[in-house]
Amino acid sequence: MHSCPALPWLTTFLRRRARVRARARVMRDRHAGDAYPRARERARRPGGRRDWFWTQVAIELARLEGREIGVRASDRWR
């Protein structure tokens, strides 16, 4: 049986994406319209890899809510 070299990377990527989507759904259910600002606030906290995670959660929340990211300059300060 031939092993694909990209398989470990792909499974890690899919697991991370599933975790981000699950967290975004939980935040949306718990905080409704306040979920996106909360995720952005957590993404701005110093914390290494967690910054990446919360940024991805905020992006997923924006997708779920139909928000446009980076359209206005003031979006960076919200």
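Side-chain atoms of W54 and R38, non-hydrogen and from C-beta on, never get closer than 4.5 Å to each other. E41 has its side chain out of reach of Y36: every pair of non-hydrogen atoms, C-beta onward, lies at least 4.5 Å apart. Looking at heavy atoms from C-beta onward, R23 lies in side-chain contact with F53 at the 4.5 angstrom threshold.
Remark: R15 engages no residue in a salt bridge (charged side-chain N to carboxylate O under 4.0 Å, His left out) (not counting sequence neighbours). Evaluation of the side-chain contact (heavy atoms from CB on, under 4.5 Å) rule for R30 yields V26 as partners, not counting sequence neighbours.
Here the closest non-hydrogen pair linking G33 and P37 is O-CD, 3.8 Å. The minimum heavy-atom distance linking E65 with A32 is given by the pair OE2-O, 3.8 Å.
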Report all side-chain donor-acceptor pairs from residues 55-63 shorter than 3.5 Å, counting only partners two or more places apart or in another chain.
{"unit_1": "T55", "atom_1": "OG1", "unit_2": "D51", "atom_2": "O", "d": "2.8"}
{"unit_1": "E60", "atom_1": "OE1", "unit_2": "R63", "atom_2": "NE", "d": "3.3"}
{"unit_1": "E60", "atom_1": "OE2", "unit_2": "R63", "atom_2": "NE", "d": "3.3"}
{"unit_1": "E60", "atom_1": "OE2", "unit_2": "R63", "atom_2": "NH2", "d": "2.6"}

